[in-house]
2 protein chains.
Amino acid sequence: MDNERIYSVSELSRLAGVSVRTLHHYDQVGLLKPWRKENGYREYDRKHAVRLQQIIIYRDLDFSLEEITRLLDLDADNQAKALNSQRDLLWQRQKQIQRMIDSLEVTMKSIQSKQNVDIMFEGLPKEKIADYEKSVRDRFDLSFEGITEDLLGGFSSEEARALKEEGDRFAEDFVNVIHLPVESEQVQRLAERHHDMISKMASFAEEGVELDYDTALKASHFLANDEATQEFYSFYHDDYARRLGEAWRYFAETRLKS
Amino acid sequence: MDNERIYSVSELSRLAGVSVRTLHHYDQVGLLKPWRKENGYREYDRKHAVRLQQIIIYRDLDFSLEEITRLLDLDADNQAKALNSQRDLLWQRQKQIQRMIDSLEVTMKSIQSKQNVDIMFEGLPKEKIADYEKSVRDRFDLSFEGITEDLLGGFSSEEARALKEEGDRFAEDFVNVIHLPVESEQVQRLAERHHDMISKMASFAEEGVELDYDTALKASHFLANDEATQEFYSFYHDDYARRLGEAWRYFAETRLKS
DNA sequence: TTGAACGCTAACGTTACGTGACAGTCAAGG
DNA sequence: CCTTGACTGTCACGTAACGTTAGCGTTCAA
């Protein structure tokens with residue numbers, strides 16, 4: 001019945017996971033005052049142990065020992081209220097950490113996307129990338145970083161590499177039929193393949209996004225007419241961007257028009 | 001293109017939510033070293049801002065500045081890895097706080113249940129409660145606190161008061177028919193009412209718990225025969241516990257037998 | 001009875017800044 | 001041109017919450 005477990009300093013310190021010195025300190029500042037045996041040894045009971053738990057919670061929440069003293073002595077009678085406020089503080093802390101995690105993941109996505117941009121543009125002429133980027137930014141009034149972050153941030157390096165290879169293979173195939181008319185079946189098959197590639201990426205970036213007629217038409221026009229873009233893709237073939245643009249346009253007109 | 005936003009001490013301090021002195025300090029210990037203008041003023045760029053964010057995360061996770069220096073310089077190349085480990089640490093912290101919340105809620109339940117016990121036994125003879133409690137503990141090999149915690153911990157003080165009143169009203173009604181035979185319709189109607197009361201409480205404490213035949217029979221036997229219990233309930237009527245036990249037994253035999 | 005384990009106090013050390021004190025810098029206004 | 005107020009800089013001491021070390025008493029099993 002008389003459940004009065006008592007603890008020595010070292011026992012309580014092990015129980016609560018704090019150092020003996022800490023208990024000495026709390027005694028000194030009057031935060032947790034144990035009984036004393038005749039020989040001067042400190043003696044803690046169950047109530048002390050409970051109070052210590054509370055102290056530790058508040059301490060972990062970055063309250064000063066002075067504040068903790070006030071809080072605990074103030075709510076000494078109203079235990080339930082004290083516990084409630086502690087729980088609320090812990091909830092707040094949870095949410096705060098969640099925000100930190102979220103912001104961290106945004107940063108991670110941004111870094112990953114930059115890496116992926118490097119992967120995707122690997123082997124392509126460095127100095128022309130900047131011009132191409134500027135063109136895209138001017139034409140569509142979008143930050144290049146914004147685009148790539150949305151489009152590439154969600155992929156791992158491996159996936160990015162796979163995409164790069166898929167793109168290269170496509171380019172190779174396209175160059176092989178680049179002399180054929182855009183209406184030809186071979187070219188249109190490739191146009192569809194390209195359309196599917198892009199759609200896949202876009203839908204991965206944002207759920208339910210469709211590459212519709214208008215967007216495709218704009219893109220085709222850009223490909224067919226923008227100089228920096230032509231320059232950039234001349235790496236594959238002199239006429240690459242122009243022909244791809246035309247292929248896209250025909251594909252959009254015949255297959256995407258609603 | 002040259003996105004090089006630069007910050008003064010005060011600007012960066014506001015941006016990151018730290019004091020100017022803190023930035024001075026980080027400069028001093030070599031954790032975050034800004035550029036210097038000719039006049040000696042500190043100058044921070046975007047990279048500094050990013051590094052500061054990382055510092056703050058680690059600091060909030062209680063790393064020492066020295067450890068943070070090591071961590072950041074060690075993973076300076078491998079940014080992605082650093083961010084990953086930070087996220088993992090934040091997750092761990094989340095879980096730790098969750099454990100604290102859980103343990104806190106257990107404590108809250110225990111306190112609430114003790115308050116509710118006081119409410120439920122209010123007005124009943126204090127000194128007989130202990131005997132009754134001992135009897136229950138001996139007979140059922142259960143800690144009284146365990147029972148009440150499971151049964152009453154989930155109720156608020158208001159709900160406990162309502163339960164107490166319901167119980168008192170029942171006792172009054174039962175005393176009014178206590179002279180009638182246990183088989184009588186009036187008594188059996190009350191037995192059912194009592195059974196429903198208890199069931200409701202039990203099912204509230206633990207989802208899907210049913211007060212079955214065996215349990216009811218044991219309880220009825222206890223009520224009808226245990227002396228401390230008789231004593232305790234004699235507050236209502238000398239024969240209260242015995243008659244209630246018999247009413248329960250009949251009810252169990254006629255209505256609960258599977 | 002002795003030595004290892006534990007306890008006490010006292011006092012200085014450490015970390016991560018806070019808080020002045022005192023002085024130079026700079027743009028705006030009288 | 002000079003002042004004024006907002007910033008900035010470097011010392012340098014202060015503080016909170018213990019860590020650490022030193023010196024010394026207590027307990028208890030071997």
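So you know, we letter chains A, B, ... as the sequences are listed, proteins then strands, and number each from 1. From a predicted model like this one, the values you see are computed outputs, not experimental measurements.
A straight line from NE2 of A/His25 to P of C/dC8 spans 16 Å, rounded to a whole angstrom. Taking atom CD on A/Gln28 and atom P on C/dC8, their separation rounds to 12 Å, with Å as the unit. We find that CD of A/Glu67 is positioned 12 Å from P of D/dA16, with the value rounded to whole Å. Counting to the nearest Å, the C1' atom of D/dT26 and the CZ atom of A/Arg36 are 15 Å from each other. The CG-P distance, from B/Asp27 to C/dC17, rounds to 14 Å in whole Å. Between the CD1 atom of B/Ile55 and the P atom of C/dA16 there is a distance of 12 Å, given to the nearest Å. Rounding to whole angstrom units, CD of residue B/Glu43 and P of D/dT8 are separated by 12 Å. Following rounding to the nearest Å, B/Glu38 (CD) and C/dG24 (P) show an atom-to-atom distance of 18 Å.
Residue-level contact check: B/Val9 touches the backbone only, with heavy atoms under 4.0 Å from sugar-phosphate atoms and none from bases.
When the side-chain nitrogen and oxygen atoms of B/Ser8 are compared with OP1 and OP2 of D/dT8, one or more of them lie within a distance under 4.0 Å. Close to C/dG18, at under 4.0 Å from its OP1 or OP2, lies a side-chain N or O of B/Thr22. Contact check, A/Asn39 against D/dT27: a side-chain N or O comes under 4.0 Å of OP1 or OP2. Close to C/dC8, at under 4.0 Å from its OP1 or OP2, lies a side-chain N or O of A/Arg42. Residue B/Ser19 places no side-chain N or O under 4.0 Å from the OP1 or OP2 atom of C/dC17. Checking the phosphate oxygens (OP1, OP2) of D/dG9, a side-chain nitrogen or oxygen of B/His24 falls inside 4.0 Å. Phosphate proximity of D/dA17 to A/Tyr26: absent, as no side-chain N or O sits under 4.0 Å from OP1 or OP2. The phosphate of D/dC18 (OP1 or OP2) has a side-chain N or O of A/Arg59 nearer than 4.0 angstrom.
Between A/Ala16 and A/Ile56, the closest heavy-atom pair is O-CD1, 3.7 Å. Closest approach of B/Arg87 to A/Leu104, counting heavy atoms only: N-CD1, 4.0 Å.
Salt-bridge formation is detected for the pair B/Asp27/B/Arg42: a Lys NZ or Arg NE/NH1/NH2 atom is positioned less than 4.0 Å from an Asp or Glu carboxylate oxygen.
For the residue pair A/Ser103 / B/Gln53, no side-chain donor-acceptor distance below 3.5 Å is found, with atom types taken as modelled.
Map B/Leu65 and B/Tyr41 each onto its nearest nucleotide of DNA chain C; the residue landing nearer the 5' end is B/Leu65.
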Quiz item: After noting the C-alpha distance and the side-chain angles of B/Phe63 and B/Tyr58, does the key distance pass the ring-ring contact (aromatic ring centres under 6.0 Å, His included) rule?
Solution: CA-CA 6 Å; B/Phe63 286 87; B/Tyr58 279 124; 5.3 Å; yes
